[in-house]
Amino acid sequence: MLEAFIAFVGVVLGAGGKLVYDRQVKARTSQQIDKELASAKTKASDIVLKAKDEALEIEKERRREWKKTEDRLADREVTLDRKLDELDKRAEKLRSQEDEVESLKNEIREIRSRQQEKLEKIAGLKKKDAADKLMQMTERDIKHDLVGLVDKLQKDAMHDAEERASTILVTAMERMSSEVTAERTVTAIKLTDDDMKGRIIGKEGRNIQSLQRATGVDILVDDTPGMVVMSSFDPIRRQVARLTLEMLMKDGRIHPGRIEEVVAKAQKQIEKEVTRAGEDAARDVGVVGIPKEMLQLLGELKYRTSYGQNVLMHSTEMAHIAGMIAEEIGANVRVAKIATLLHDVGKAVSHKIEGKHHHIGAELAQKYGMSDDIVHAIEAHHDDIEATTPEALVVRVVDAASAARPGARNISAENFSERMRDLENIATSFEGIDKAYAISAGREVRVIVRPEKVDDLSGIKLARDIANKIESTMQYPGTIKVNVIRETRAIEFAK
C-alpha cells in the first residue's frame, strides 16, 4: 500500500518530488529503529540486573542453610563426645567393681578352705570320707522305703500300661469299620453253552494248548460240566487267564493267533489294575512318597489271599488302625502307616524269591531306598526278629488284631483246634518232654522238659528238632516260636 501511495505521489509531483519524499521516509524509519534498539537495550539491562539480584538472594539463602547444618553437626559432635566420655567413665567403674568382686570371691574361698580344714581336724574325717559315710547312713535308713516305693511304682505302671493299651486298641478298632468277609480267588469260569467247550479246546487241542502256553496256567475243561477251572500258583497269571478267556468267549473268535493277541491285551489291563490298586491303597491310607516299584508290588496283593483274607484289604485296614494307635502313643504316624501298608509286600514275590515273606519285604524296601525304621518294622512284624522301635511294635499288634477279627480269615474252630493239638503232639513226641502247650493262637509252642533227662545243650538241640518237624509236617501262616523251658528246683525244709 505504501508503494502504491509513493507511486501515486510520484505521478502527481513528478520525479523531483518523489526523491524528496523517499529521503524523508527513510530518515523517519531509521529513527524508529534506533528508538526500538535503545528500548530493547534498556529492558535487557533491567532483566540482567534483576537476575543478578535474584541469584545473590539465592546464594545468601544457601549460605544460611549451610550455616545451620554446620551448627547442628557441631552440636551433635559435642554431644557424642560427652556421651563417649561418660561410657569410658562407666566402663572404668565396672572394671574396678569386677576387681573388687573377684577379690571378695578369693577371700570367701580362703575362708571356706580354712573352715573345712578346721571341721576335718575336729571330725577326724576328710570331706570325701564324710560324704560317703553320710550316704551309707542315709541309704541304710531309707533302703526299705525305697524298695517298697519302687515295687509300688512298678505295679502301678504295669496296671496303668495294660489298661491304657487295652483302651487304645479298643478305641482304634471301634473307629475302624471295614469289611471282614473272607474272600476267595475266582478260579472257575462258567461257559455260556456246551459248544463253547469244544471251541476252547480247538482242533486237536490247539486252542487250549496255545492258551496254556501264553498264560502259564493249567486249564481243566472236562472235570466240571459247564465250567472251566484254571490252576496256577501265581494269582496274577490266573487273573490274566481268566480275563483272556472271558474276552475270547465274548468275542467268539478263538484261534491261536487271536489268543496271543488277547493275552497281551489282558496282561496290559491287569498291569494297569495292579498299579491303580497300589496307588488307590496308598491314597486311601493317606501316605505319599512310596516308590513306584513298591506300589506295583502292593497292587499285586489285590489278587492274593491268606487263609481267605484278601491281603491288600488286610494291609489297608492295618494301616488305618496303625495310624490311630501311633498317634495315641506318640509314635511316628507316617512310618507306622507305610510299614503296615507294606508289611506283607513280600508275599507278592514269595513264590519267586526264596525266604520268608517279611524278610523278603524288608529286603525290597531297603533296595528301593526306604528308611531304616520302615525296613525294621516290616521285618519285625513276626516274632523271629525282636521289635526295637515303637512303630515295629505297632505293626506287630495291628497285624494280630486285623487277622484275629471274627470272620477275617476262613479258619473254622475245628481246624484251629486240630492245628493246636498237632503242635502239642509234635512237641510231646520227643523224649524228655514233661508238658507242651500251644499258645498265642498257635504262633508259639511252650515246651517244659524234665531237667534230669535234658540238659542245657540238649534243650537247644531239642528246640531246633521240634521246629524242623513242625516245618516239615504242618502248614501254617507266618512263623511259630518254639520255646523250650528247663528248670531245676532244690527244696528242703528246716525243722
Side-chain angles (χ1 to χ4, degrees), residues 149-180 281-290 294 298 301 306 309 311-346 357-359 361-362 365-366 369-406 408-409 439-441 443-444 477-479 481 483:
L149 178 62
V150 170
D151 184 60
K152 181 178 181 299
L153 291 175
Q154 287 179 345
K155 289 181 179 179
D156 292 344
M158 290 178 64
H159 180 268
D160 294 342
E162 184 175 354
E163 184 177 356
R164 186 164 182 263
S166 301
T167 303
I168 291 173
L169 282 174
V170 171
T171 303
M173 295 180 72
E174 286 177 349
R175 290 172 61 187
M176 180 61 198
S177 177
S178 63
E179 298 179 0
V180 295
R283 191 181 304 109
D284 183 25
V285 174
V287 293
V288 295
I290 300 177
M294 297 297 287
L298 179 65
L301 298 181
S306 177
Q309 185 182 28
V311 180
L312 183 58
M313 290 179 61
H314 164 65
S315 301
T316 306
E317 179 187 65
M318 277 181 57
H320 285 296
I321 299 176
M324 300 173 194
I325 294 177
E327 188 174 1
E328 289 290 336
I329 67 175
N332 191 316
V333 176
R334 182 176 183 275
V335 171
K337 280 189 173 183
I338 294 178
T340 48
L341 187 63
L342 302 177
H343 78 289
D344 275 345
V345 77
H357 72 276
H358 49 289
H359 297 308
Q366 189 173 22
M370 307 200 75
S371 66
D372 294 338
D373 291 338
I374 295 175
V375 173
H376 171 68
I378 293 174
E379 191 173 17
H381 79 270
H382 284 307
D383 295 333
D384 58 340
I385 291 182
E386 183 181 359
T388 58
T389 63
E391 294 77 16
L393 291 171
V394 169
V395 176
R396 184 178 293 185
V397 168
V398 296
D399 185 24
S402 175
R405 296 179 70 177
R409 291 191 170 183
I439 61 175
S440 299
R443 294 185 179 273
E444 180 180 350
T479 59
K481 179 180 179 181
N483 190 0

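Bear in mind that the values here come from a model prediction, so they are computed numbers and not experimental data. Side chains are part of it too, since the values below use all heavy atoms of this structure and drop only hydrogens, waters and symmetry mates.
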* To do: For residues Ala365 and Ile378, report the shortest heavy-atom separation together with the two atoms involved.
  => CB-CD1, 4.0 Å

* Asked: If you look at every heavy atom in Leu298 and Val345, which pair is closest and at what distance?
  -> N-CG2, 3.9 Å

* To do: Say whether His314 and Asp399, considering side chains only, have a donor N or O and an acceptor N or O under 3.5 Å apart.
  => yes

Residues two or more places apart in sequence or in another chain: which of them pass side chain to side chain contact (heavy atoms under 4.5 Å, CB included) with [X]?
X: Ala326; value: Ala331, Val333, Ala336
X: Ala319; value: Val285, Thr340, Leu341
X: Glu444; value: Ile439, Ser440, Arg446, Lys481, Asn483
X: Asp372; value: none

* **With Arg396 via salt bridge (charged side-chain N to carboxylate O under 4.0 Å, His left out) - residues at least two apart** => Asp383

Name every donor-acceptor pair, under 3.5 Å, that has one atom in a side chain of residues 385-394 and the other anywhere in the protein, sequence neighbours excluded.
| residue | atom | partner | partner atom | Å |
| --- | --- | --- | --- | --- |
| Thr388 | OG1 | His376 | NE2 | 3.0 |
| Thr389 | OG1 | Ala392 | N | 3.2 |
| Glu391 | OE2 | Asn332 | N | 2.8 |

To the closest 0.5 Å, what do you measure between [atom1] ([X]) and [atom2] ([Y])?
X: Lys337; Y: Ile290; atom1: NZ; atom2: CD1; value: 11.0 Å
X: Ser371; Y: Arg334; atom1: OG; atom2: CZ; value: 7.5 Å
X: Ile325; Y: Met318; atom1: CD1; atom2: CE; value: 9.5 Å
X: Leu342; Y: Ile374; atom1: CG; atom2: CD1; value: 7.5 Å

* Step by step, would you call His343 with His358 a side-chain contact (heavy atoms from CB on, under 4.5 Å)? -> CA-CA 7 Å; His343 78 289; His358 49 289; over 6 Å; no

* **His320 vs Asp284, side-chain contact (heavy atoms from CB on, under 4.5 Å): CA-CA, chis, key distance, verdict** => CA-CA 9 Å; His320 285 296; Asp284 183 25; 3.6 Å; yes

* side-chain contact (heavy atoms from CB on, under 4.5 Å) assessment of Leu301 paired with Met313 -> CA-CA 9 Å; Leu301 298 181; Met313 290 179 61; over 6 Å; no

* Asked: His357 and His381: side-chain contact (heavy atoms from CB on, under 4.5 Å), yes or no, with the steps?
  -> CA-CA 11 Å; His357 72 276; His381 79 270; 3.4 Å; yes

